[in-house]
Trainee: 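Just passing along the structure, written as structure tokens.
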Amino acid sequence: MADTKYLDWPFFEPRHKELAQSLDAWAAQHIHDDHGSDVDSACRTLVAQLGAAGWLTHAVGENIDTRAICLIRETLARHSGLADFAFAMQGLGSGAISLFGSEAHRAHYLPKVARGEAIAAFALSEPEAGSDVAAMQCAARLDGDHYVLDGEKTWISNGGIADFYVVFARTGESPGSRGISAFIVDADSPGFDIAERIEVIAPHPLARLRFTGCRVPAANLLGAAGQGFKAAMATLDVFRTSVAAASLGFARRAMDEALARAASRKMFGKTLADFQLTQAKLAQMATGIDAAALLTYRAAWQRDRGERVTREAAMAKLTATETAQQVIDAALQMFGGLGVVSGQPVEKLYREIRALRIYEGATEVQQLIIARELLADVGVKPQG
Ligand SMILES: Cc1cc2nc3c(=O)[nH]c(=O)nc-3n(C[C@H](O)[C@H](O)[C@H](O)COP(=O)(O)OP(=O)(O)OC[C@H]3O[C@@H](n4cnc5c(N)ncnc54)[C@H](O)[C@@H]3O)c2cc1C
């Protein structure tokens, strides 16, 4: 493990340091960043590996240790973006079951998710409802002892390989966000299909889903009807800080690459590290990473104390994703032409980080959340 001094920060307990170090050693042995061109098969293998080794148990269940999932994501992201993705999606995809599922739901799905034997997905976004979640149109109506779903979901991670999807659909108890419910939809449900596979700059399984008179047992409703928005937000609340942590992993890897490059690249009769312009860049990168890490682990620690972290998680995600983008860009620049060659670590990081500034609430959405919280403290509720 490269720089591990942060593991001694007061946010952590001894078990956290031990977890991060043992995962790092495991990942160095078992996770290779070259996953080949079959991303579905690579992802299935990673889920199975992470499950067999016991790491997925940290992503599943009612009492998530936020610092643990953050350290796991940070560590995996440093080794492989796809490994981090495989871990994160098992947690995000099963989160609403952990938090709102009945005993029967939990007993049926969670052990398989934790063992890496069932792949989970979280289906909230739609073509016309991304940042504006409450604009969703996918609908579910009760028909006897089944719900019938009609509509679409898009940008769904693990779409095409998931064994089940937690799907949010409008059931109409009230207008807007209060008329949404959450359902478990097994991948073999009649009327469910993959409308389109989507290829992105950092390849991972992603799809648009289609529901055409898709029948799911009424017993697959998670929580009460109309509680779906609450379930989605509660799930994202747990995992948003972990997106910041994954960004930190990418940024730390870029920092390691930049340091190695600066120390070895010869030019003008010196090495790149001899130039003050390089030193300024390295200093700025390291400072940005520490600032982002402090915000990330402050949010995780505060959540583990049972406190509300809406503002802190938004600050962490905003800062860590934006900082990681800058750090990776600076690292790539130090590699010159080599930096843009396909397959180079900095080139892969450059592609990996981009989507994190968009999903689970784009940067602008985090800014709005922070501002709303600040204004609420002084009794102001912004219009719109
Ligand atoms: C790789 C990837 C994986 C994903 N995985 C999942 C998944 O597993 N499940 C799922 O449900 N969704 C997933 N998403 C969807 C993701 O959450 C949405 O893309 C995101 O919420 C943004 O929605 P949108 O793409 O419709 O963009 P839009 O909502 O159209 O927003 C476009 C841009 O507008 C800006 N913006 C947004 N709000 C404001 C505002 N109030 N003021 C000013 N500017 C604003 C932001 O810059 C934003 O990027 C994934 C997306 C990606 C890229």
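Numbering of ligands and ligand atoms starts at 1, following listing order. Predicted model only: the values in this text are computed from it and were never measured.
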Trainee: If you count the non-hydrogen atoms of other residues, nucleotides and ligands that lie under 6.0 Å from CD in Q333, is the total more than 12?
Mentor: no
Trainee: Running the 4.5 Å side-chain criterion over Ile, Leu, Val, Met, Phe, Trp and Tyr, what cluster does L149 land in, apart from itself?
Mentor: L142, Y147, I156, Y165, V167, F183, V185, F192, I194, L209, F211, V216, L221
Trainee: For ligand 1, which atoms have a heavy atom of A362 less than 4.0 angstrom away?
Mentor: 46 (C), 48 (C), 49 (O)
Trainee: Linking I/L/V/M/F/W/Y whenever their side-chain heavy atoms sit closer than 4.5 Å, directly or via other members, would W26 and V47 fall into one cluster?
Mentor: yes
Trainee: With heavy-atom distances below 4.0 Å as the criterion, list the atoms of ligand 1 near E360.
Mentor: 17 (O)
Trainee: If hydrophobic clusters are built from ILVMFWY residues whose side chains come within less than 4.5 Å, do M315 and L374 share one?
Mentor: yes
Trainee: Restricting to non-hydrogen atoms, name the atom on Y297 and the atom on A245 that form the minimum distance, rounded to 0.1 Å.
Mentor: OH-CB, 4.2 Å
Trainee: Heavy-atom distances under 4.0 Å are what count here, so tell me which part of V200 touches ligand 1: side chain, backbone, both or neither.
Mentor: neither
Trainee: Indicate yes or no: does an N/O atom of L368 lie under 3.5 Å from an N/O atom of ligand 1?
Mentor: no
Trainee: What protein heavy atom lies closest to atom 8 (O) of ligand 1? Include the residue and the distance to one decimal.
Mentor: S157 N, 3.0 Å
Trainee: Tell me which one of Y359, W155, F85 gets a heavy atom nearest to atom 7 (C) of ligand 1.
Mentor: W155
Trainee: Quick one: does L124 get an N or O within less than 3.5 Å of an N or O on ligand 1?
Mentor: yes
Trainee: State, with a plain yes or no, whether a side-chain heavy atom of F85 is found less than 4.5 Å away from one of L46.
Mentor: no
Trainee: Looking at atom 24 (P) of ligand 1, what's its closest protein heavy atom, distance included?
Mentor: G130 CA, 3.9 Å
Trainee: Near L206, which atoms of ligand 1 are under 4.0 Å from a heavy atom of that residue?
Mentor: 3 (C)
Trainee: Between M334 and Y350, is there a shared hydrophobic cluster once you connect ILVMFWY residues whose side-chain heavy atoms come closer than 4.5 Å?
Mentor: no
Trainee: In the complex you have, is atom 30 (O) of ligand 1 within reach of the protein, judged by whether a heavy-atom distance drops under 4.0 Å?
Mentor: no
Trainee: For K348 and E257, what are the C-alpha separation, side-chain angles and deciding distance, and is it a salt bridge (Lys or Arg N to Asp or Glu O under 4.0 Å)?
Mentor: CA-CA 12 Å; K348 284 201 237 175; E257 297 290 334; over 6 Å; no
Trainee: Near V365, which atoms of ligand 1 are under 4.0 Å from a heavy atom of that residue?
Mentor: 38 (N)
Trainee: Report the nearest protein non-hydrogen atom to atom 9 (N) of ligand 1: residue, atom name, distance rounded to 0.1 Å.
Mentor: F122 O, 2.7 Å
Trainee: Which bit of T363 gets closer than 4.0 Å to ligand 1, counting heavy atoms only: side chain, backbone, both or neither?
Mentor: neither
Trainee: Can you tell me which residue and heavy atom of the protein come closest to atom 53 (C) of ligand 1, and the distance to 0.1 Å?
Mentor: A355 CB, 4.2 Å
Trainee: Look at atom 17 (O) of ligand 1 and find which of S125, G93, P205 reaches it with the closest heavy atom.
Mentor: S125
Trainee: Is the shortest distance from a heavy atom of I358 to ligand 1 less than 4.0 Å?
Mentor: yes
Trainee: Going by an N to O cut-off under 4.0 Å, is there a salt bridge joining R78 and D24?
Mentor: yes
Trainee: Can you confirm whether some protein heavy atom lies under 4.0 Å from atom 33 (C) of ligand 1, or whether none does?
Mentor: no
Trainee: What pairs of donor and acceptor atoms, side-chain ones from residues 107-116 against any protein atom, are under 3.5 angstrom apart with sequence neighbours left out?
Mentor:
from, atom 1, to, atom 2, distance (Å)
Y109, OH, D186, OD1, 2.8
Y109, OH, D186, OD2, 3.2
R115, NE, E117, OE1, 3.0
R115, NE, E117, OE2, 3.1
R115, NH2, E117, OE1, 3.1

Trainee: Atom CD of residue position Q284 - does it have more than 12 heavy atoms of other residues, nucleotides or ligands inside 6.0 Å?
Mentor: no
Trainee: Give yes or no for whether the N/O distance cutoff of 3.5 Å, strictly under, is met between S131 and ligand 1.
Mentor: yes
Trainee: Got a protein heavy atom sitting under 4.0 Å from atom 4 (C) of ligand 1?
Mentor: yes
Trainee: Starting from atom 45 (C) of ligand 1, which protein heavy atom do you reach first, and at what distance in Å?
Mentor: E364 CB, 3.8 Å
Trainee: Could you tell me whether F168 and F122 have their ring centroids closer than 6.0 angstrom?
Mentor: yes
Trainee: Return yes when H204 approaches ligand 1 closer than 4.0 angstrom through a heavy atom, no otherwise.
Mentor: yes
Trainee: Would R67 and E13 count as a salt bridge (Lys or Arg N to Asp or Glu O under 4.0 Å) here? Give the steps.
Mentor: CA-CA 9 Å; R67 290 164 292 172; E13 291 167 34; 3.3 Å; yes
